Each structure stands twice: as structure tokens, then as C-alpha cells.
Enquirer: 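Following this message is one structure expressed as C-alpha cells.
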Amino acid sequence: MMKKYFLSLCCIAAISGCGNTILSSSGSTDDTAVLSTNADICLGNGITIDYRFDNARVDDCVIYDSRVTLTITPENQPINNSPWYAFKVSSEAKRDIDVVINYVGGDHRYSPKKSVDGKYWQPLTFKSTKKQLRFSVTASPTPLFIAGQELVTNQAYDTWMHSHKQSPDVVVSSLGTSTKGRNIGMMEITQPNNKEWLVVLGRMHPPEVTGALALFPFVDNMLSNKGREFRQRFNILVIPNVNPDGVADGNWRHNAKGVDLNRDWKAFKQVESRLIRDKLNAIVADGGKIVFALDFHSTHKDVFYTMPSDYGLNPPLLVEHWLAQLAAEMPQFKVRQQPGTSPNKGVFKQYIADTFNVHAITYEMGDNTNRAVINEVAINANDTLMMQLLDTPANKFYGQ
Ligand SMILES: [Zn+2]
């Protein structure tokens, strides 16, 4: 969770905390004691800030009276504004704690949430400026999770994929290992005579949790009885967690090498994107045809980044028809389609389009979109996509 060079920062924090103790004229020494025992935990005044878990991130911590001041810094720069934080707070005695989070290297993005079990989350009331977040929590001996979004950990992906193992024709396996040697899991749902493949990716960008919250129901729906006819014609490749190192380390955006994976689909310098490229090439070498791909992300609004219908992809109007159908199914939800190209930038959807001559989209859910809406949109998006693909004769994916 922590990189070694943050150790020195943490030591400085502990010293400055001690300095506060000496200089303090109002509080007793006991009230202002600060002890930082290692880089993944921060202790003081009976308060514990613990960031020794998958997806946690705190880069510096000072406890002073009942105030906890945390600093969040990015894995490397330049980087976009996605300061990610996650930690557990507890206190020997039940007490209210003021939390101040200072962002270095990026502006505020994620609203704080709390959870006792790491599964059910509640929003916290907060105040924020570009560089600072403030809120209060009641801490007790039972640790409370605090995070910028719900925690969707590497373990959660494994659990989810294995829950589908009992489904017919689902094979869960390892695509390979990440930069730091973590498993990159995949699900393949196949029938022996199927040639056409749908590809689903997620979590290139670790904090983009609402994308994950969309991917799960999208795929679940396809693997339910509703997807039976679809699965009789189409194979499905799901790689839900492309950047497990970034997820484990609580990175703002990059992989363990400090690279944005959604800018590597041209250079292929990163093992994570290379593994997927090689897998898709193996599918094609085996006589398969990639017909469509989705890549799940989050941003400040719900938007589908698509390839233009006049880009020469097969069939040209597939996405137009699909999203029109989704809009018809969900009149209360605004389906924003933003067609565009990003040549030479190394974006996944562009790579799919240029390599396989078929459409691909970046499926973006808003950071703050209601979670029930994310779920409902995903199910309807999947229903309508399955219909649209089933309505497309196989030769149309080849431009015939
Ligand atoms: Zn993203």
C-alpha cells in the first residue's frame, strides 16, 4: 500500500507532531502525543488510523488532540485530479474526530463515505476546497472504514468471478500477472462453435469505482437466463480488473510503473495491456472475430465515449442503434453519447477500432451517480446490447 519513499515523509510527520506537543500551551502532553510506528499505521491519543489493507491510501498522517490531518499524494506526476484516500479509523474511547485531508498534486474529486463492514457505505457530510477535505466522524474501538468511494478490492473481483464458476460454460482463469506479480483474472464464457467475441474490460483506473459498479451487473445480466440466446452465438471475454497493482496501492490512476494504462494501447510498454493484446490476437489467430468491446470507467458525469459512425467500422450504426434503444428503454435517464477519435493516444477503444474494424466504447459512470441508477442502466444497457448484437448478421461485422 505504501511506497518506501513515503517512509521519510511519515517520520517528518511524527517529528512535527512532537513539535506541536512541545509548543502546545492549551492541551496536556497526553492529549497531544503523536506516535507513528510505521508507514501504514498512525497512532496517537488513543486514535488509530490504519491503512494496511488492499486499496488503502494515506501518504502522511498527524494526530493532534482530536484532529487527524492526512496528506494524499499521487503515485507520480503528471496525473489527473483523482486524489484517492482510504483508511480505517478507531479510538480506544468513543469520541468525535475531525479529519482534514490535504491533497498534494491534484484537486478534490471524491466525496467521503463511511462503512463498518467495507460493504455497506454511507455518505459523510463534508466541506471541501480544491486542495482540502474536512469532515467529522465518531470513532470507537470498532474500526470504521473511510474512503473516497466504496472499496472494490482485488479480492472482491476474485470472489465475484468465482461466484460465476457454477454457471454453464464459464471458465475463470489467470490471464497472467501484473507488474508486481498480482493475478490478472479473466472469465471466458464460450461455446465450442461460436466465433464472435464480446470483450469487457474494467478498472484500468483504480479509483473509478462507479465503472466497476456498472461492470458487475452488466456481466451478471449477460450470464443470467436472459443471456442464454446471446451466449449460444457469442463468446464473452471479461477482464474486470486490468490494474490490480493500482487497486492494491490505492493509486490515483496509474499502474505500478506509473503509467496510465489507457494511454498504452499503441506503445504496449506495460505488461497489463500487452497481456490483453496477446489474448485478443490469440482469439483471432484461432479463427475468432472480435465484434465489440466495452471498457468501464468513471468521470464526473454519465457518458458513453464512442467511435464515430462514419469511421468505417462494422457495422457503422451499431452503437447509434444500441444507445437509441437504451434511451427508449430508460426515458428518465439521459443517454449521453460522445463520439470521437483519439488517434495515436493509446486509448483502448481506438485500438479496438483500428485493429479489428469494429466498434468499442468507453462506458463512463458519474462519480456521484445514484448506485441504483448505475445498476439499472447497466442491466438495460446489457439487455439492449445483446438484442442489437443478436440482430446483426455475422457478415456485417466483416463489412460484408
Ligand atoms: Zn478512466
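Each ligand, and each atom within it, is numbered from 1 in the order the structure gives. Note that the structure is predicted; figures quoted are calculated from it, not measured. Every heavy atom of this structure was used, including side-chain atoms; hydrogens, water molecules and symmetry mates were not.
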Enquirer: In this structure, which one of F53, Y85, F87 forms a ring pair (Phe, Tyr, Trp, His ring centres under 6.0 Å) with F145?
Expert: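 Exactly one candidate clears the test, F53.
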
Enquirer: Does R274 make a cation-pi contact with F268 (under 6.0 Å, within 45 degrees of the axis)?
Expert: no

Enquirer: Heavy atoms only: give me the nearest V99-V137 pair and the separation to one decimal.
Expert: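 Of all heavy-atom pairs spanning V99 and V137, the closest is CG2-CG2, 4.2 Å.
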
Enquirer: How would you list, by chain and number, every residue that makes a salt bridge (Lys or Arg N to Asp or Glu O under 4.0 Å) with R371, sequence neighbours excluded?
Expert: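 R371: salt bridge (Lys or Arg N to Asp or Glu O under 4.0 Å) contacts with E150.
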
Enquirer: What protein N/O/S atoms are there under 2.8 Å from the Zn ion (ligand 1), waters excluded?
Expert: H205 ND1, E208 OE1, E208 OE2, H297 ND1

Enquirer: For residues 197-209, run the donor-acceptor check on the side chains, cut-off 3.5 Å, and write out each pair with its distance to 0.1 Å, sequence neighbours left out.
Expert:
{"from": "R203", "atom 1": "NE", "to": "P206", "atom 2": "O", "distance (Å)": "2.6"}
{"from": "R203", "atom 1": "NH1", "to": "V152", "atom 2": "O", "distance (Å)": "2.7"}
{"from": "R203", "atom 1": "NH1", "to": "Y157", "atom 2": "OH", "distance (Å)": "3.1"}
{"from": "R203", "atom 1": "NH2", "to": "V152", "atom 2": "O", "distance (Å)": "3.3"}
{"from": "R203", "atom 1": "NH2", "to": "P206", "atom 2": "O", "distance (Å)": "2.8"}
{"from": "H205", "atom 1": "ND1", "to": "E208", "atom 2": "OE1", "distance (Å)": "3.4"}
{"from": "H205", "atom 1": "ND1", "to": "E208", "atom 2": "OE2", "distance (Å)": "3.4"}
{"from": "H205", "atom 1": "ND1", "to": "H297", "atom 2": "ND1", "distance (Å)": "3.1"}
{"from": "H205", "atom 1": "NE2", "to": "D260", "atom 2": "OD1", "distance (Å)": "2.7"}
{"from": "E208", "atom 1": "OE1", "to": "H297", "atom 2": "ND1", "distance (Å)": "3.0"}
{"from": "E208", "atom 1": "OE1", "to": "S298", "atom 2": "N", "distance (Å)": "3.2"}

Enquirer: Of all residues at least two apart in sequence or in a different chain, which pass the salt bridge (Lys or Arg N to Asp or Glu O under 4.0 Å) check with D245?
Expert: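 D245 satisfies salt bridge (Lys or Arg N to Asp or Glu O under 4.0 Å) with R182 once adjacent residues are dropped.
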
